[in-house]
K.L.:
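Can you read through this structure? Questions will come right after.
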Protein chains: 2
Amino acid sequence: MNSKKVYKSCLDNCPLAYALNIIDGKWRLPIIWALNKNKIMRYNELKRDIDGITNMMLTQTSKELESYGIIDRKQYMEIPPRVEYSLTESGQDLIVALKELANWGKNMQSNDKLSDMG
Amino acid sequence: MNSKKVYKSCLDNCPLAYALNIIDGKWRLPIIWALNKNKIMRYNELKRDIDGITNMMLTQTSKELESYGIIDRKQYMEIPPRVEYSLTESGQDLIVALKELANWGKNMQSNDKLSDMG
DNA sequence: CAGTATCCGAGTCGATACTG
DNA sequence: CAGTATCGACTCGGATACTG
């Protein structure tokens with residue numbers, strides 16, 4: 001067991017580990033989120049929208065998400081090049097599940113604030 | 001922006017980032033999961049249950065989860081020492097949200113298998 | 001426009017040994 | 001029993017420069 005995340009050690013039998021592995025990575029959610037809002041985006045649109053991301057990271061992360069079946073990449077054979085990214089159906093289903101987690105997070109945050117005020 | 005996870009940069013305003021930050025870490029889910037199954041566990045019970053965890057990591061991670069309000073730590077002033085860990089209510093709510101994500105993961109996994117078979 | 005290539009730093013985790 | 005302390009390794013991501 002040398003991998004950083006334990007869930008990589010049980011990818012085959014644990015669906016939660018599998019899911020978390022897919023969304024794990026600094027830029028994955030930002031990309032997923034941007035595509036959820038704007039539906040279809042070109043490479044440089046994504047880059048402008050996601051604050052601080054480099055070409056390196058955008059290319060790498062979008063490839064990874066594509067390989068997982070989360071996002072779709074359509075390349076048009078034109079000059080200048082045009083590539084459009086969007087969420088797949090699986091990607092859209094993911095959003096639904098994440099909103100549950102976001103809800104829980106929101107409750108946690110407001111509890112924090114209450115206890116801060118003592 | 002120097003932190004590894006981008007969600008650390010928006011902890012204040014993004015509930016999803018906040019939630020993911022809490023479950024991020026190699027041993028957090030294993031601990032949460034073990035406590036969800038067994039309800040109340042002592043230190044060495046956890047250690048035996050979670051394959052490969054060291055004292056270092058168990059102590060550190062349980063402290064972190066306690067500080068987030070996910071788990072409860074009860075120390076009994078006895079000799080030999082006894083410490084019991086359990087999930088808080090928030091921790092139990094977290095399980096519910098994670099099950100949604102696990103469900104999504106399960107669908108993803110079975111889609112993978114189908115496409116493997118061609 | 002939409003990417004690649006290379007090199008490097010920071011943070012996380014593991015191994016091992018020790019303690020009230 | 002229930003922890004601490006120290007140090008090193010590995011991986012992820014950042015910065016910068018280049019390309020079809």
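Convention: sequence-line order gives letters A, B, ...; per-chain numbering from 1.
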K.L.:
For dG3(C), take OP1 and OP2 only and decide whether either is under 4.0 Å from a side-chain N or O of Asn55(A).
P.N.:
no
K.L.:
Can you check whether Arg28(A) has a side-chain N or O nearer than 4.0 Å to OP1 or OP2 of dC12(D)?
P.N.:
no
K.L.:
Output yes when at least one side-chain N/O atom of Lys26(B) is less than 4.0 Å from OP1 or OP2 of dG14(C), else no.
P.N.:
yes
K.L.:
Does OP1 or OP2 of dG3(D) have a side-chain N or O of Arg42(B) closer than 4.0 Å?
P.N.:
no
K.L.:
What is the nucleic acid contact for Tyr85(B), judged by heavy atoms within less than 4.0 Å: base, sugar-phosphate only, or nothing?
P.N.:
sugar-phosphate
K.L.:
So do Tyr85(B) and Leu35(B) actually touch side chain to side chain, heavy atoms under 4.5 Å?
P.N.:
yes
K.L.:
Taking OP1 and OP2 of dA2(C), is either one under 4.0 Å from a side-chain nitrogen or oxygen of Arg82(A)?
P.N.:
no
K.L.:
Return the angle between end axes of the helix from dC1(C)-dG20(D) to dG20(C)-dC1(D), with five pairs used per end and rounding to 10°.
P.N.:
50°
K.L.:
What I'd like to find out is whether the side chain of Leu29(A) reaches to under 4.5 Å of the side chain of Leu98(A), using heavy atoms alone.
P.N.:
yes
K.L.:
Does some side-chain heavy atom of Trp104(B) sit less than 4.5 Å from a side-chain heavy atom of Lys106(B)?
P.N.:
no
K.L.:
Mind checking what makes salt bridge (Lys or Arg N to Asp or Glu O under 4.0 Å) contact with Arg82(B), not counting sequence neighbours?
P.N.:
Glu78(B), Glu84(B)
K.L.:
Let me know the distance between CE of Met77(B) and P of dG3(D), rounded to the nearest Å.
P.N.:
11 Å
K.L.:
OP1 or OP2 of dG14(C) less than 4.0 angstrom from a side-chain nitrogen or oxygen of Trp27(B), does that happen here?
P.N.:
yes
K.L.:
In residues 58-69 of chain B, which ones come under 4.0 Å of DNA chain D, going by heavy atoms?
P.N.:
Thr59(B), Lys63(B)
K.L.:
Provide, to the nearest angstrom, the distance between the NZ atom belonging to Lys47(A) and the C1' atom belonging to dC1(C).
P.N.:
11 Å
K.L.:
Quick one, Ile70(A) and Ile31(A) - any side-chain contact, counting heavy atoms below 4.5 Å?
P.N.:
no
